[in-house]
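Heads up, the thing below is written out as C-alpha cells.
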Amino acid sequence: FEINNLMGKKTHNAPKRWGKGSRPAAAAEDNANKKNKSSDELKQQQQHVANRFSPSLIGCAVVFAVQLFVYWRTLYPSIPGGDSGELVSVACQLGVAHPPGYPLFTMVWHVFMEIVPFGTPAWRANLLSAICASIAGTCLYWCVNKLSPVPNSGGGIVAMALFSFARLTWMYSVTAEVFALNNFFIGLLLVSLVWYIHEPTLFRACIGAFISALATTNQHTTVLFLVVMIPWVLYYGRAHLLTSAKPIVCLLLSTLLGALPYMYIPISATLNSAEATWGDQRSLSGFLKHFLRQEYGTFDLGSRTTTTTTFSERLVMHLESLSEETFHIVPVLVVAFVAFSLLEKRKVVRNCYIPIVGMLVFYELFFNWRANLSIENKLLAGVHERFWMQPNMVMCLLAGLGFVYILEKALEDISVVKRVGIVVGVGILGVMVGMNFEARDESKNMAVADFGHSIINGLPQDSILLTRGDLPGNSVRYAHLCEGVRPDVRVIDLEMMTFDWYVPMLKNKFTGVKFPGTTYQFCSTCFQMKSFFDANYDHFPIFVFENLNEDDNTFQQFYHVEHYGHAKRIVRNGDSFPANIWYHNTTKALPKFDIPDPVKYDERTWEYVVYDGYLSSAIFLAMSFEEKARNSKNKQAFLTNMEYAYKVYSFWLEHIESKLGSSGIPAYWHKNFGIVANALFDETKQSQYLEARNREWLAYTTSGQQDDQIPAIKGMLRQSGVKI
C-alpha cells in the first residue's frame, strides 16, 4: 500500500514560475527545505505504520503466561530419561557435560537451582526449561505479528499453539534438557533477524551477533541457521556494516562476548572438583576435542554410522511427524504461505522471508544428510526426532503467516480479520492443548527418578556400582550427587572408563577404589575387568548394571554375575552365600515404585525401558533361583531354591496384575512359573503346586503364543482334569 494514501495525503505536480526578484539559489534552498520536510514526514509515517504492526507487550505477556501455566501444570517432578540426569548432575556440581560441554546451560541452571528455595533440584531445573520454552513460543507470536500483512494477533497465536503444544515440543519443554534453551535461542534469533531487517542499525546488528554466539554455547545445531542468517545480514546491511573498521570491530567484539561461556569449560576442568564431569579440557587440544565433539563425530549424531534409512526417508519421516502432531494444519498453512508470499509487495518483509526460508531449507538438507542414528530402533528414533524442533519452529512461523494471508484474502474488513483471527487462533490453541494434555502431563511421572533410587538403594553398604548406559548412569548419578542418596556408594561408568581421561581425572573421587592401570582397554598400560575385580573384590561389594563389556572375557574363569534386585553382583567362583540371606537381600533390592504405563509410554520413551527393566529384574531373579535349584547337589538345596523361585513368581505376578491388569503380565511368565510349580509338585506332591501349575499353564496356552511345547503342556493339563 502507499504510505501517502494511508495517511490521507494527495500529491500532484504543478508547473513552477519564477516570480519577480526570484533567485535560483533561493528556489534551491526552498526545495531543499521541502525535501527535508518531506523526508521527515516520510519517516514519521513509516514509524506510524511500524507501530501499528508492532505486537503489544500485553499480548506477548498473555501468550507467555498461558504457555508457562500449561507447562507448569505438566512439569516433571524429577528427572526423565535421556541426558537430563547427567545435565542436572553436572549443573549441581559445576562439572562439564558431554560434548560439546553446554557451558551456558550448566552455569545458568546451577544459579537457578541455587536461588529457587523450593522443589527438588530436578524440578527447579525443569521449571527453568519451561520458562525458556514459553519465551520461545512468545518469540514466534511476535515474529508472525510483525510480519503479518494486516494487524492480527491470531496468526501469532496459531504459530505459538502449533509449535509449543505439539507433542514433541511439549515433551522437551517440561524437562531439564538443552532443547528448550535451544528453542529459546532460535526464537531470539528470529526476533533479532526481523528486528534488524525492519531497521538495519549497527546496534541491532551487534545484538544479533551477541545472541548468535551465545546460542552456540548451548547447541551447535544453531550453526545450521547461522550459516544462512549471518551472510544475509551482512549483505543486507553492507552499506553500514562493511564500509569501515568500526562496525566490523563492534560485531567481532559482540561475537566474542557471546562466546565467553566457553571459558567456563577449561576453568571447571582445571579445578577438577566435580565427580559429574566429562573429559579433560585443561589443554587446548583437550578443549578442542570436546568442543568439536570428536568422540561422537563432529558432524554426526552418534559415534558411528548405524542407520540404514536414506536421506529422503528421514526427511519424509520428519514432515509426516509434524503433520500428524499438528493435525495436518501446518502443511496446509505452509502451502498457503508459499502461494501468497510470492505476491508479497512489502520489500522489507520479503527480505525477512528469504533468510528464514533459507535457514529452514539448509537445516533440512544438512541434518538429514548427516543424521546417522539407527532410527529403525524406536528409542534411537526418539533421540533423532528431538532435532526436528528447530525446523519445526520455522515451519510453524510460516504456518501462522499463511493463516493471516488466508484471512486477509477471504475477509475485506480489517477489524473482522482481527476478531476472526483471534477466535480461530484461540480455538486451535484449545485443540492442541486439549488433545495433547493427557499424553504430555508428566506431573506424576517419577519413573526414571524412582528407577535410579531403586538401583542404588538396593545395594549393601560401601558398594561399587559399575553402570553402563545413559538410563542407569544418569538416573543413579542424579540421586547420588544432587539429592545426596547413598554417599557411601562409588558409582563408576564402565563406558567412560574406556576414555583416556576418565581414570586420571576422577580416580581421586572414588575413595579406596584401586584402578590397576590408566584406562579400561587392552593395552600395555591398561587394565581389564579381572585385574579390577582382583584389586577391589575383597574390599567392596561390586555390582554392575546392566551388563559388563561383552568383549572382555578375562574375568569369566574367575568371577561370575548373579542377579541382585535391579543390578547384578560380581561373585568370585567358589564363593557362596546362605540361600535364605541371599533371598532376603535380593528380593529387598527389587523395585517397589509405581510401574510406568506401557500404553502411555511406547517403545520410543525411556519410561518404556524402565517398565521393561522393572519386569526383567523380577523374572531374572526367579530364573536365577531356578537355575541354582537345578544345579544343586542335594534335594534340600533343590527344594529351597525352587521354593524361592516360586515365591518370587507368585508375588510378582500378583503385583504386576494389581498394577497393570492381567494383560500386563508377559505370557512367558505363566509358562516359567508353571514349570517351577510342576517341579515342586513332582518332589512334594502338594496340591497347591499342582493348582498353581494348572492355572499358569492354562493362562499360557490361551495367550495366543506360538510355541511347539504347547501341545505337550495341554496334554499334561488334560491328564490333571483341566478342560481346554
Side-chain angles (χ1 to χ4, degrees), residues 55 59 62-63 66-67 70-71 74 133-134 136-150 152-173 183 186-187 190 315-342 344 353 356-357 359-361 363-364 385-386 388-411 416-440:
V62 170
V63 166
V66 168
Q67 293 172 93
V70 176
Y71 287 154
T74 57
S134 301
T138 306
C139 289
L140 268 186
Y141 170 84
W142 186 94
C143 287
V144 171
N145 291 348
K146 189 70 175 176
L147 296 172
S148 292
V150 293
N152 193 327
S153 297
I157 296 173
V158 168
M160 176 275 293
L162 293 174
F163 177 74
S164 297
F165 297 112
R167 177 194 62 83
L168 181 61
T169 309
W170 198 336
M171 181 189 305
Y172 288 99
S173 298
N183 292 340
I186 297 302
L190 291 170
L315 179 60
V316 169
M317 183 186 298
H318 171 208
L319 298 178
E320 287 179 344
S321 174
L322 177 61
S323 178
E324 181 180 344
E325 286 194 12
T326 58
F327 308 104
H328 311 294
I329 297 174
V330 165
V332 173
L333 295 182
V334 169
V335 169
F337 165 81
V338 172
F340 291 120
S341 64
L342 296 176
E344 179 60 63
Y353 289 168
I356 289 173
V357 173
M359 291 188 293
L360 172 63
V361 171
Y363 186 100
E364 291 286 6
E385 69 178 8
R386 302 181 300 182
W388 291 342
M389 283 182 279
Q390 189 169 323
N392 285 358
M393 199 168 190
V394 174
M395 281 195 270
C396 289
L397 185 153
L398 303 183
L401 290 168
F403 173 75
V404 179
Y405 277 123
I406 291 174
L407 289 184
E408 182 203 19
K409 301 302 180 184
L411 304 170
V416 174
V417 169
K418 185 175 182 179
R419 288 194 295 270
V420 171
I422 293 175
V423 170
V424 176
V426 171
I428 291 176
L429 173 62
V431 169
M432 293 295 294
V433 173
M435 295 296 289
N436 291 322
F437 188 90
E438 183 178 357
R440 292 279 64 86

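Not measured: the values here are computed from a predicted model.
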Interatomic distance, CZ@Phe337 vs CG@Leu397, rounded to 0.5 Å, equals 8.0 Å

Any donor-acceptor N/O pair, Ser164 side chain to Ala161 backbone, under 3.5 Å: no

Report task. Determine, stepwise, if the pair Asn392 / Thr326 fulfils side chain to side chain contact (heavy atoms under 4.5 Å, CB included). Result -> CA-CA 11 Å; Asn392 285 358; Thr326 58; over 6 Å; no

I want to check something: taking the side chain as every heavy atom from C-beta on, are Glu344 and Tyr405 in contact at a cut-off of under 4.5 Å? yes

Given the options Ile422, Val404, Asn152, Ile428, Val158 meets side-chain contact (heavy atoms from CB on, under 4.5 Å) only with Ile428

In terms of heavy-atom contacts, Ala133 and Tyr71 come closest through CB-CE1, 3.7 Å

Rounded to the nearest 0.5 angstrom, the NZ-CZ distance for Lys409 and Phe340 is 6.5 Å

Here the gap from Gln390 atom CD to Met359 atom CE, rounded to the nearest 0.5 Å, amounts to 9.0 Å

task: Any chance you could lay out the side chain to side chain contact (heavy atoms under 4.5 Å, CB included) test for Met160 and Leu429, step after step, and finish with the verdict?
output: CA-CA 8 Å; Met160 176 275 293; Leu429 173 62; 4.1 Å; yes

*Has the side chain of Glu325 got a donor or acceptor atom that lies under 3.5 Å from a matching backbone atom of Leu168?*
yes

Scanning both residues in full, the closest heavy-atom pair of Pro391 with Glu364 reads CB-OE2, 3.6 Å

* Asked: Between Val144 and Phe403, is any pair of side-chain heavy atoms under 4.5 Å apart?
  -> no

With side chain to side chain contact (heavy atoms under 4.5 Å, CB included) as the test, would you mind laying out the steps for Leu407 and Val424 before giving the verdict?
CA-CA 10 Å; Leu407 289 184; Val424 176; 5.6 Å; no

The reported gap from CD1 in Ile186 to CG in Leu190 (rounded to nearest 0.5 angstrom) is 7.0 Å

For this session: With the side chain counted from C-beta on, respond yes when Leu147 and Tyr353 share a heavy-atom pair under 4.5 Å apart, and no when they do not.
Result: yes

_Worked check of side chain to side chain contact (heavy atoms under 4.5 Å, CB included) between Leu319 and Met395_ = CA-CA 10 Å; Leu319 298 178; Met395 281 195 270; 4.1 Å; yes

Of all heavy-atom pairs linking Val70 and Thr74, the shortest is O-OG1, 3.0 Å

I'd like to know if the side chain of Thr169 and the backbone of Phe165 have a donor-acceptor N/O pair within less than 3.5 Å.
no

Determine whether Tyr172 and Asn183 make a side-chain contact, defined as any pair of heavy atoms from C-beta on separated by less than 4.5 Å. no

Closest non-hydrogen atoms of Ala336 and Ile406, given as atom of the first, atom of the second and distance, are CB-CD1, 3.6 Å

Residues Val426 and Ile157: closest non-hydrogen pair is N-CG2, 4.0 Å

Between the CE atom in Met389 and the OG atom in Ser173, the distance rounded to the nearest 0.5 Å is 7.0 Å

- prompt: Would you say the side-chain atoms of Gln67 pair up with the backbone N or O of Val63, donor to acceptor, closer than 3.5 Å?
  reply: yes

For the residue pair Trp388 and Ser321, confirm or rule out a side-chain donor-acceptor distance under 3.5 Å. no

Between Asn145 and Gly156, the two heavy atoms sitting closest are OD1-N, 3.3 Å

* With the side chain counted from C-beta on, respond yes when Tyr363 and Val394 share a heavy-atom pair under 4.5 Å apart, and no when they do not. => no

